[in-house]
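So the structure is just underneath, and the comments pick up after that.
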Amino acid sequence: MGCFTGSAEPADSGTDSGTDQPDAAKPKDSGVGADVTTVTSETWSDGKSIGSTVLIPSGVTVTIAPAATITVAASAKIIVQGTLVGTSTAAHATLTGSNWGGIQITSHGVMTLTGVDLTGASIAVDAQADVLSTYDQGTISGATNPFSIAAGSSISTTHATVTAPQGITLVSGSFTASYLDYDANDQGAVVTLSPTASVHIDDSTIHNSGPMGKSSAPDLLTANGGTMFHVAYTDMSGAHCGFHFEGIDSVEVDHVTVHDVTNGADVWKSTSKGTRTVTSSNFESLSENLDEQGTNGTYSVTGCYLTGTNKLKTSSSVTISSSVLQPILDAKPH
C-alpha cells in the first residue's frame, strides 16, 4: 500500500505549512515587510554575505558572479520580483547557509540560473510568479523542499541534481525536468497537489538511498490531482512505489524502468478526463507491477516487461496487452 508522506506545501499555495510567506497585509509597494532590504541592479561577488531578506524589485537585475560563494543568514530569503540571473558552468557558484529561506519568485519575477548550487535552504526554489523560471546544471542539497511551484507558476530544470532533501518537491503549477538526478532520501521526490498541476520528466534518474528503502519509503512520483503526469526515458528505484496516481487526468509513462520497489504503480483514482498510457516500460525486481484501487478511467499498459503480479479489480480499468518477455533495453535515460 503506497501513500504520500512528504512535507506539506507552503501555505500560500493552498495547503498547510508553517513556512512564512509574503501576504496582503504587508506594504503595497513591494508586497514584503519593512525589514526587507531592497536592492538595485548589481552583481553579487564571491564572499558576499546576506544577513536578512532581500528584495529584487521589478525592473532590477541581480547577477550572481561565476564561481562566487554567497552566504545567506538563517531564515533570510531572496525575493525576486525583477530578475535574478547567474551562469557559472566551469566552477559552480553557491548560495549557502543554515536553514535560509531560499529563492522566492513572486509577481512577474524571473530566475534564470545555470551552474548555481543551493545548499541548506528551507524551500530552495519557491515559484509564485506567472513567468517561467529556469534552474539548470545546479545541485540542491539539504533543502526542506527542493522546489515548490504554486498554481500558475512554472519551473524548468535540466541537468540538475537533488541530494539529501528533508522533504518533497511540491507542484501545484508546472514542473518540467530533463536529465534530473534526484535522490529522495526517504522523502519521496515529486507530488502534485492541484487539479491544474502538470509534471513532465524526461531522461532522468529518480532514486532513493535512505535506509527505509523499498519496504516503507514514500512513493517517488505521486499525483494527487493534476492535468498531466508525463515521465519518459527515466530510471526509478528504491522506494515503496515508483508511481502513485490519484485524482489525475492524463498519464504518459513511456520507456521507463521501475525496479527495486514494492509496487511499480499504484492506480488508485483517476478522473474520466484525458488518457492514461504506460508503454514500452520495465517493471522488474518488485512484488506488484500494478495495484488498482478506487474508481479509475482507463489505463492502457502496452508492450511492457512485467515481472511482478498485478493486483487489479474484478472489473478492472487497466488493460494489459502485448507484454514482452525480455527487458526493454532503451527504457532508461538517453
State, yes or no, whether a side-chain contact exists between [X] and [Y] at a heavy-atom distance under 4.5 Å.
| X | Y | result |
| --- | --- | --- |
| Tyr299 | Ser270 | yes |
| Ile149 | Ser172 | no |
| Thr295 | Lys269 | no |
| Leu180 | Ile206 | yes |
| Glu288 | Phe283 | no |
| Ile320 | Leu290 | yes |
| His259 | Ser237 | yes |
| Thr61 | Val85 | yes |

In terms of hydrophobic clusters joined by side-chain contacts under 4.5 Å, are [X] and [Y] together?
| X | Y | result |
| --- | --- | --- |
| Tyr233 | Tyr182 | no |
| Val39 | Leu95 | yes |
| Met228 | Leu221 | no |
| Val60 | Val80 | yes |

N/O donor-acceptor pair under 3.5 Å between [X] side chain and [Y] backbone:
| X | Y | result |
| --- | --- | --- |
| Ser317 | Asn296 | yes |
| Thr227 | Ser198 | no |
| Ser122 | Asn99 | no |
| Asn208 | Gly238 | yes |
| Asp219 | Cys241 | yes |
| Thr257 | Ala331 | yes |
| Asp183 | Ser209 | yes |
| Glu292 | Val267 | no |
| Ser178 | Thr158 | no |
| Ser204 | Asp202 | yes |

Approximate separation, where rounding is to 0.5 Å, of [X] [atom1] and [Y] [atom2]:
| X | Y | atom1 | atom2 | answer |
| --- | --- | --- | --- | --- |
| Ile56 | Thr37 | CD1 | OG1 | 12.0 Å |
| Asp249 | Thr271 | CG | OG1 | 3.5 Å |
| Leu118 | Ile140 | CG | CD1 | 5.0 Å |

How would you list all residue pairs meeting ring-ring contact (aromatic ring centres under 6.0 Å, His included) that involve residues 199-221, not counting sequence neighbours? His200-His230
With sequence neighbours left out, which residue pairs that include part of residues 151-175 fulfil the ring-ring contact (aromatic ring centres under 6.0 Å, His included) condition? Phe147-Phe175, His159-Tyr179
For [X] and [Y], which I'm curious about, is there any donor-acceptor pair between the side chains at under 3.5 Å?
| X | Y | answer |
| --- | --- | --- |
| His108 | Asp130 | yes |
| Thr277 | Thr279 | no |
| Ser141 | Thr139 | no |
| Asp291 | Trp268 | yes |

For a side chain to side chain contact (heavy atoms under 4.5 Å, CB included) with Ile105, tell me which candidate from Leu84, Val110, Val125 qualifies. Val125
Hey, mind stepping through Ile70 and Thr94 against side chain to side chain contact (heavy atoms under 4.5 Å, CB included) and telling me if it holds? CA-CA 6 Å; Ile70 297 162; Thr94 303; over 6 Å; no
Looking at every heavy atom in both Thr302 and Ser300, which two are closest together, and how far apart are they? OG1-OG, 3.2 Å
